[in-house]
Colleague: 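Handing you a structure now.
Because only heavy atoms are used, hydrogens play no part in the values below, and waters and symmetry mates are left out as well, while side chains stay in. These numbers were taken from a predicted model, which means no experiment stands behind them. Heads up: numbering here begins at 1 and tracks the sequence. All ligand and atom numbering here is 1-based and tracks the order in the structure.
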Amino acid sequence: MQREQRTFIAVKPDGVKRGLVGEIIKRFENRGFKLIGLKMLDVTPEMAERHYGEHKGKPFYDRLIEYIQSGPIVAMVWKGYDCIAGCRQIMGATRPLEAQVGTIRADFALVKEYNVVHGSDSEESAEREIAIYFDEKEICDEYDNMAEIVIEKLDD
Ligand code: IDP
Ligand code: MG
């Protein structure tokens with residue numbers, strides 16, 4: 001079944017520091033997804049805890065909270081057909097060695113702790129994460145792009 005979805009994607013601090021913002025955006029654009037929200041910001045402790053609440057209690061939680069605040073992130077909202085799974089496919093598996101060659105994490109990361117990009121894993125987490133970083137007024141969904149043309153073709 002076709003699903004038009006929104007997802008939250010972030011270039012994590014290591015990705016920003018390494019100058020990978022353009023490369024990462026390009027990969028989602030190339031696929032045909034539509035960029036509808038974009039900002040650079042420093043994650044606050046409150047945002048970090050809301051974002052990664054599901055991992056609270058895990059051994060890596062404190063390091064993860066520290067990592068996501070170790071420099072600015074580039075926060076994005078993307079939209080398109082099966083956008084959540086599609087963006088996760090472009091990102092690759094959490095552990096770079098398990099990620100397919102050609103994915104962001106296989107191509108640009110060495111270890112799971114510093115894996116350069118975040119992407120929501122379900123519709124529920126996408127909407128929850130978008131709300132942490134964006135006001136709906138900041139989302140620009142009123143322009144046409146290929147993603148919508150592709151969806152129209154699929155509907156025929
Ligand atoms: P995901 O980013 O692929 O969705 P999650 O399991 O949701 O992976 O983990 C969130 C983030 O926590 C990962 O992207 C990674 O930065 C970090 N992380 C996950 N597992 C570990 C671990 O075992 N050690 C250290 N950091 C981890
Ligand atoms: Mg996750």
Colleague: Measuring from non-hydrogen atoms of R105 to any atom of ligand 1, is the shortest distance under 4.0 Å?
Modeller: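 R105: in contact with ligand 1 (<4.0 Å).
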
Colleague: Taking the side chain as C-beta and beyond, is there a heavy-atom pair between E4 and D82 under 4.5 Å?
Modeller: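 No, side chains not in contact.
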
Colleague: Can you figure out which of Y67, Y61, F60 has its heavy atom closest to atom 20 (N) of ligand 1?
Modeller: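 Looking at heavy atoms only, F60 sits closest to atom 20 (N) of ligand 1.
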
Colleague: Who gets closest to atom 1 (P) of ligand 1 by heavy atom: V116, V117, T94?
Modeller: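 Selected option, by shortest heavy-atom distance: T94.
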
Colleague: For D121 and ligand 1, answer yes if some heavy atom of the residue is under 4.0 Å from a ligand atom, otherwise no.
Modeller: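 No, that is not the case, since the closest heavy atom of the residue is not under 4.0 Å from the ligand.
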
Colleague: Report the part of R88 (side chain from C-beta onward, or backbone N, CA, C, O) that has a heavy atom under 4.0 Å from ligand 1; answer both or neither where that applies.
Modeller: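 It is the side chain that gets close, since no backbone atom is under 4.0 Å.
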
Colleague: Which residue supplies the protein heavy atom nearest to atom 7 (O) of ligand 1, what is that atom called, and how far is it?
Modeller: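 The closest heavy atom on the protein side is H55 NE2, 3.0 Å.
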
Colleague: side-chain contact (heavy atoms from CB on, under 4.5 Å) with K26: which residues, sequence neighbours excluded?
Modeller: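 side-chain contact (heavy atoms from CB on, under 4.5 Å) check on K26 returns E23, N30.
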
Colleague: So, are D121 and R88 salt-bridged, with charged N and O less than 4.0 Å apart?
Modeller: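 No, no charged N to carboxylate O under 4.0 Å.
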
Colleague: Quick one: look at K58 and ligand 1, take heavy-atom pairs under 4.0 Å, and tell me if it's side chain, backbone, both or neither.
Modeller: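 Contact part for K58 vs ligand 1: neither.
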
Colleague: Could you check whether R6 pairs with E136 (Lys NZ or Arg NE/NH1/NH2 to Asp/Glu carboxylate O, under 4.0 Å)?
Modeller: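 Yes, R6 and E136 are salt-bridged.
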
Colleague: For atom 13 (C) of ligand 1, what's the nearest protein heavy atom and its distance?
Modeller: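 Here the closest protein heavy atom is N115 ND2, 3.6 Å.
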
Colleague: What are the two closest heavy atoms between D14 and Y114, and how far apart are they?
Modeller: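 Answer, listing the atom of D14 first, then Y114: OD2-C, 3.2 Å.
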
Colleague: So do the side chains of E129 and H118 get within less than 4.5 Å of each other, counting heavy atoms only?
Modeller: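 A side-chain contact under 4.5 Å exists here.
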
Colleague: Starting from atom 17 (C) of ligand 1, locate the nearest protein heavy atom and write down its residue, its atom name and how far away it is, to 0.1 Å.
Modeller: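 Protein heavy atom at minimum distance: L64 CD1, 3.9 Å.
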
Colleague: For atom 22 (C) of ligand 1, grab the closest protein heavy atom and report residue, atom and distance to one decimal in Å.
Modeller: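 The closest one turns out to be K112 CE, 3.2 Å.
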
Colleague: Side-chain heavy atoms under 4.5 Å apart, restricted to Ile/Leu/Val/Met/Phe/Trp/Tyr: what other residues fall into the cluster of I84, or is it alone?
Modeller: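 Answer for I84: none, a lone residue.
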
Colleague: For the atom pair CD (E113) and OG1 (T94), what is the distance rounded to the nearest 0.5 Å?
Modeller: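 Separation between the atoms: 11.0 Å.
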
Colleague: Under 4.0 Å, heavy-atom basis, I'd like to know which part of K12 is in contact with ligand 1: side chain, backbone, both or neither.
Modeller: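 Side chain only.
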
